[in-house]
Amino acid sequence: MDGSAEAAATRTRSLQISPGDLEAAHLDDLIREIEQRSLYYYQEKNKSLRARYVYGTIFLIINLCAWFIRDYAQKALALLPHVSSCGPEGSDCFHTLGVLRVSLGCFIFYLVMFLSTWNTRKLHEFQNSWHSNYWSFKFLLLVLAMVASFFIPQLYIQIYGEIARVGAGIFLGLQLVSVIEFITWWNNYWMPHDQSKHSCSFGLVMSTVFYIGSVSGIAVMYYFYAACVLNMFFISCTVVILTVMMVMSLHSKVKNKGLLSSGIMASYIVFLCWSAIRSEPLHTKCNAQTQNGHTDWVTILSFLIAIGAIVMATFSTGIDSESFRFEFRKDEAKEEEDIPYSYGFFHLVFSLGAMYFAMLFISWNLSHSSREWSIDVGWTSTWVKIVNEWFAAAIYLWKLISPIVRQPRVYEQPQPTAAEVDR
């Protein structure tokens, strides 16, 4: 009897849990849930960041495929001439039109990715999983897009080529904004308003290095490439642009002033001018000393570096969505479940990059094929780069003076007279 009573009392005490114990148990569960959620978000962010490199690798492989189709596919691929849309002997699927078909397939793939991820905001959404996973399905989608582009009639490929010119121009504009934003960030990082002695000294040293490099580049171009009036005009315009940028960057009313940003921008402008002159056609008066017509290891290495530069430019612009956000959204605090970068913008840039690499491989010319191992060579390419240089300088100068132009004017109110005060 006593034993059963004692057992019942023990059961009763075990069921009587104090409110403090309940609260502690609930808190432990809450902490465990928060930790699990944080771990999930951390893993999803890592997947998303790794996915960028997979997309970049895909883009690089497609660039190499476009080069192969342009230069060697006619000898290696015997099946394409039997496709009706490729025309007689497959002429509409090799060289220039072949590059455009590869570009179109790449564009379709990244456009589909853009349309399916453009409104992604949180890591727990399905679009985030679609962006970072399902690689087998996306590989199948890419192959289908590539194959389908070779069954499209030649007329529509020509129309796509005209559209690709516009898309490539938009890509160049986005790239310029991204580069200038990076230059501004670097200038603010090393030359802040509350600048320390160390950071200021480094900024001054780097600005000196960039300006010395820019002046040296101008001197080299005058020495080697001033063979015709047009090249002298290009180089002289670059000198004028550098002078204006340096003067404006040191103006007292300019907010983001400093020699570092103008020095980096000067080097970039000089590089664009040099690249434009190097793109002039072979065996012309302006390009008599720049290149030879033979394919050697220097030509091959330059070609491979150019392909790498295309991929890097596309990748760096695609992940730089912050430079293109509206001002009222730049100050928004990021939450733990927010995606690390804009998936939609990333894929949009890659879709425009598909148009851009097509224009470089065909030298912006839809009617003539480029020679083997050449990229972005021709008068059209030269003028595109020169206009790109001038446009870059205009954007940079506008960024310097826009705070002054848009600054609201303060009108002084007339002071009341003594008689008006008494009244």
Side-chain angles (χ1 to χ4, degrees), residues 24-63 105-146 171 174-175 177-179 181-182 185-186 189 308 310-354 356:
H26 179 69
L27 184 60
D28 290 341
D29 292 339
L30 184 60
I31 292 175
R32 193 178 300 108
E33 181 182 352
I34 292 174
E35 290 177 348
Q36 291 176 351
R37 189 183 304 138
S38 297
L39 178 61
Y40 169 77
Y41 290 147
Y42 174 77
Q43 293 173 343
E44 289 298 315
K45 282 185 179 179
N46 282 342
K47 286 182 182 179
S48 173
L49 295 174
R50 288 195 299 266
R52 300 180 305 177
Y53 299 101
V54 178
Y55 288 114
T57 303
I58 292 173
F59 192 76
L60 172 61
I61 294 173
I62 294 174
N63 273 258
C106 181
F107 171 76
I108 292 173
F109 172 73
Y110 283 106
L111 181 64
V112 170
M113 294 303 303
F114 162 71
L115 294 176
S116 58
T117 60
W118 70 272
N119 61 341
T120 311
R121 295 289 181 269
K122 304 297 180 182
L123 290 169
H124 55 75
E125 296 176 355
F126 173 75
Q127 292 97 321
N128 173 74
S129 181
W130 164 243
H131 171 78
S132 306
N133 300 302
Y134 302 101
W135 292 109
S136 298
F137 183 79
K138 284 185 284 192
F139 176 75
L140 178 61
L141 175 64
L142 175 62
V143 171
L144 290 176
M146 286 293 178
F171 175 85
L174 295 177
Q175 182 186 2
V177 173
S178 179
V179 169
E181 286 292 330
F182 171 76
W185 171 83
W186 220 49
Y189 181 81
I310 296 171
V311 177
M312 286 302 301
T314 307
F315 182 84
S316 59
T317 306
I319 63 177
D320 188 25
S321 57
E322 293 295 321
S323 298
F324 303 91
R325 299 179 72 188
F326 294 108
E327 292 296 327
F328 66 86
R329 293 188 60 190
K330 284 187 177 181
D331 298 329
E332 287 183 357
K334 279 225 168 194
E335 298 179 359
E336 186 182 26
E337 70 232 20
D338 289 343
I339 57 176
Y341 56 95
S342 174
Y343 300 159
F345 181 80
F346 178 83
H347 292 298
L348 176 63
V349 169
F350 270 78
S351 65
L352 295 174
Y356 177 63

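The distance from the CZ atom of Phe114 to the CZ atom of Phe345 is 10.5 Å, given to the nearest 0.5 Å. With rounding to the nearest 0.5 angstrom, the CD atom of Glu337 is 9.5 Å from the CD atom of Glu125. The CD atom of Glu35 lies 15.0 Å from the OH atom of Tyr42; values are rounded to the nearest 0.5 Å. The distance from atom CE of Met146 to atom CG of Leu141, rounded to the nearest 0.5 Å, is 10.5 Å. One distance of note links CG of Leu111 with CH2 of Trp118; it measures 13.5 Å at 0.5 Å rounding. We find the SG-CD1 distance between Cys106 and Ile61 to be 11.0 Å, quoted to the nearest 0.5 Å.
A donor-acceptor pair under 3.5 Å is absent between the side-chain atoms of Ser48 and the main chain of Glu44, judged by distance alone. Formation of a donor-acceptor pair under 3.5 Å by the Ser316 side chain with backbone atoms of Ala313 is found in this model. In terms of modelled atom types and a separation under 3.5 Å, the side chain of Ser351 and the main chain of Leu348 share a donor-acceptor contact. Side-chain atoms of Ser38 come within 3.5 Å of backbone N or O of Ile34 as a donor-acceptor pair. Judged by distance alone, the side chain of Ser116 and the main-chain N or O of Met113 form a donor-acceptor pair under 3.5 Å.
When each of Leu142, Val143, Leu144 is tested with Phe109 by the rule side-chain contact (heavy atoms from CB on, under 4.5 Å), just one qualifies, namely Leu142. Screening Trp135, Tyr343, Phe139 against Tyr55 for a ring-ring contact (aromatic ring centres under 6.0 Å, His included) leaves a single residue, Trp135.
Between Asp338 and Arg121, none of the side-chain N atoms (NZ, or NE/NH1/NH2) sits under 4.0 Å from a carboxylate O, so this pair counts as no salt bridge.
Pairing each heavy atom of Pro340 with each of Lys45, the nearest pair is CD-CG, 4.4 Å. In this structure, Thr117 and Thr120 approach most closely via the heavy-atom pair O-OG1, 2.8 Å.
In terms of the side-chain hydrogen bond (donor to acceptor under 3.5 Å, both in side chains) criterion, residue partners of His347 (sequence neighbours excluded) are, by chain and number, His131. When the ring-ring contact (aromatic ring centres under 6.0 Å, His included) test is applied to Phe171, the partners found at least two apart in sequence or on another chain are Tyr356.
Tyr341 has its side chain within reach of Leu49: a pair of non-hydrogen atoms, C-beta onward, lies under 4.5 Å apart. Within the 4.5 Å cutoff, the side chain of Arg37 has heavy atoms near those of the Tyr41 side chain. Residues Phe59 and Phe315 are not in side-chain contact: their nearest non-hydrogen atoms beyond the backbone lie 4.5 Å or more apart.
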Take Asn128 and His124 through the test side chain to side chain contact (heavy atoms under 4.5 Å, CB included) and record every step on the way to the result. CA-CA 7 Å; Asn128 173 74; His124 55 75; over 6 Å; no
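Around atom OH of Tyr53, no more than 12 heavy atoms belonging to other residues, nucleotides or ligands sit under 6.0 Å away.
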